[in-house]
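A short write-up of the structure that comes next.
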Amino acid sequence: MFHVIARRSARVTWLLLAPRGAVLVESVRGRKSRGDPVAKSKEGRIKVPPPVDPKEMVVLKERFTEYQLILRALRLEFKEEVLRKKFEEETGSLAEERARQDAEEHRTLMLWNQEENLRLLKARVLRIQKEEEEAQRTKMEAVMKLELQQEEFIKQKEEQVLQLQEEARSFITMENLDQRIEEALDHPKNYNFAVDREGRVVRQTVVQ
């Protein structure tokens with residue numbers, strides 16, 4: 001042991017007294033890699049576990065058992081304290097304070113809920129009124145459009161009736177049949193005509 005201390009003291013003294021320009025390289029002992037062979041000094045060595053003193057083993061076992069009992073007692077003590085605080089919070093003065101706070105919060109939320117319901121009710125009533133007004137306006141527009149269409153239809157029919165009445169004056173009936181035949185014979189009409197390439201109508205025909 002003293003030889004080791006002496007060697008370390010000498011190495012430290014040498015490091016302190018070394019010149020500044022000198023490069024100090026300290027030898028470092030590294031670990032062997034997995035592929036390195038076994039050292040010659042350890043070839044054939046069989047690892048044997050260190051001997052255990054039975055008396056020491058009994059003492060250590062008793063101490064470990066005592067250590068486990070102490071830790072278990074501490075855990076139970078801490079657990080009991082936590083449960084006691086929780087019970088006091090639920091049933092003690094803290095529970096009353098919490099109940100009061102919950103009641104106050106509930107009352108505030110109920111007031112806010114009522115205000116929100118009133119606001120939504122007003123908005124819904126306005127929306128329904130607007131929808132009813134829009135539906136009424138659309139209905140009135142549809143009725144007016146239908147009335148205009150009916151008036152236009154009646155007007156067209158009246159014009160058609162008047163036109164038919166005007167045309168009915170020239171209709172051939174049993175009463176004016178002889179008269180119309182005489183007029184046709186007195187005023188003959190020739191519908192035999194031709195149209196040339198320039199679009200002119202030629203009504204004269206060659207008398208055979």
Side-chain angles (χ1 to χ4, degrees), residues 1-139 142:
M1 177 178 179
F2 294 104
H3 294 291
V4 173
I5 295 174
R7 285 199 301 270
R8 289 182 180 177
S9 301
R11 184 166 60 85
V12 171
T13 304
W14 177 76
L15 290 174
L16 293 175
L17 297 178
R20 296 194 177 193
V23 179
L24 303 178
V25 179
E26 185 178 359
S27 61
V28 179
R29 182 179 179 183
R31 294 180 60 86
K32 293 170 55 177
S33 62
R34 292 181 179 272
D36 293 340
V38 182
K40 294 182 179 180
S41 60
K42 296 182 180 180
E43 289 182 356
R45 188 188 64 168
I46 299 176
K47 292 184 178 181
V48 179
V52 179
D53 189 1
K55 295 182 180 180
E56 183 180 0
M57 189 66 182
V58 172
V59 173
L60 292 176
K61 188 174 181 180
E62 290 178 355
R63 290 182 179 179
F64 184 70
T65 303
E66 185 179 357
Y67 169 76
Q68 287 182 336
L69 292 175
I70 293 172
L71 286 182
R72 183 180 179 185
L74 290 175
R75 290 193 190 98
L76 293 176
E77 183 69 22
F78 295 152
K79 185 177 181 181
E80 183 180 358
E81 184 178 357
V82 171
L83 293 176
R84 184 172 61 255
K85 289 183 178 179
K86 185 177 180 181
F87 179 77
E88 290 177 356
E89 290 178 359
E90 292 178 353
T91 58
S93 59
L94 295 177
E96 295 178 357
E97 181 67 20
R98 180 174 297 178
R100 188 184 62 79
Q101 293 178 358
D102 292 342
E104 183 68 21
E105 184 179 1
H106 178 71
R107 188 179 64 81
T108 305
L109 291 176
M110 289 298 294
L111 292 176
W112 176 83
N113 190 20
Q114 293 178 0
E115 295 176 357
E116 190 70 13
N117 289 336
L118 290 175
R119 185 183 66 81
L120 294 177
L121 179 61
K122 293 179 180 179
R124 183 165 60 252
V125 169
L126 292 176
R127 177 174 55 82
I128 292 174
Q129 290 179 354
K130 289 182 180 179
E131 290 178 355
E132 291 179 353
E133 293 176 358
E134 185 69 20
Q136 188 70 18
R137 185 178 62 83
T138 305
K139 185 177 179 180

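Evaluation of the side chain to side chain contact (heavy atoms under 4.5 Å, CB included) rule for Glu105 yields Asp102, Leu109 as partners, not counting sequence neighbours. Legend: residues meeting salt bridge (charged side-chain N to carboxylate O under 4.0 Å, His left out) with Arg119, ordered by chain and number and at least two apart, are Glu116. Partners of Glu104 by side chain to side chain donor-acceptor pair (under 3.5 Å), not counting sequence neighbours, listed by chain and number: Arg107.
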With salt bridge (Lys or Arg N to Asp or Glu O under 4.0 Å) as the test, would you mind laying out the steps for Glu81 and Lys85 before giving the verdict?
-> CA-CA 6 Å; Glu81 184 178 357; Lys85 289 183 178 179; 3.7 Å; yes
Test Lys79 against Leu83 for side chain to side chain contact (heavy atoms under 4.5 Å, CB included), laying out the working first.
-> CA-CA 6 Å; Lys79 185 177 181 181; Leu83 293 176; 4.2 Å; yes
Please step through side chain to side chain contact (heavy atoms under 4.5 Å, CB included) for the pair Asn113 and Asn117, ending with a clear verdict.
-> CA-CA 6 Å; Asn113 190 20; Asn117 289 336; 3.5 Å; yes
Return all side-chain donor-acceptor pairs below 3.5 angstrom for residues 35-43, not counting sequence neighbours, or 'none' if the list is empty.
unit_1 : atom_1 : unit_2 : atom_2 : d
Asp36  : OD1    : Ser33  : OG     : 3.1
Asp36  : OD2    : Ser33  : N      : 3.0
Asp36  : OD2    : Ser33  : OG     : 3.1

Listed pairs under 3.5 Å, donor-acceptor, residues 55-72 side chains, sequence neighbours left out:
unit_1 : atom_1 : unit_2 : atom_2 : d
Thr65  : OG1    : Lys61  : O      : 2.9

Can you give the donor-acceptor pairs under 3.5 Å from side chains of residues 124-131 to other protein atoms, not counting sequence neighbours?
unit_1 : atom_1 : unit_2 : atom_2 : d
Arg127 : NH1    : Glu131 : OE2    : 3.3

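Atom CH2 of residue Trp112 and atom CD of residue Glu115 lie 9.5 Å apart, to the nearest 0.5 angstrom.
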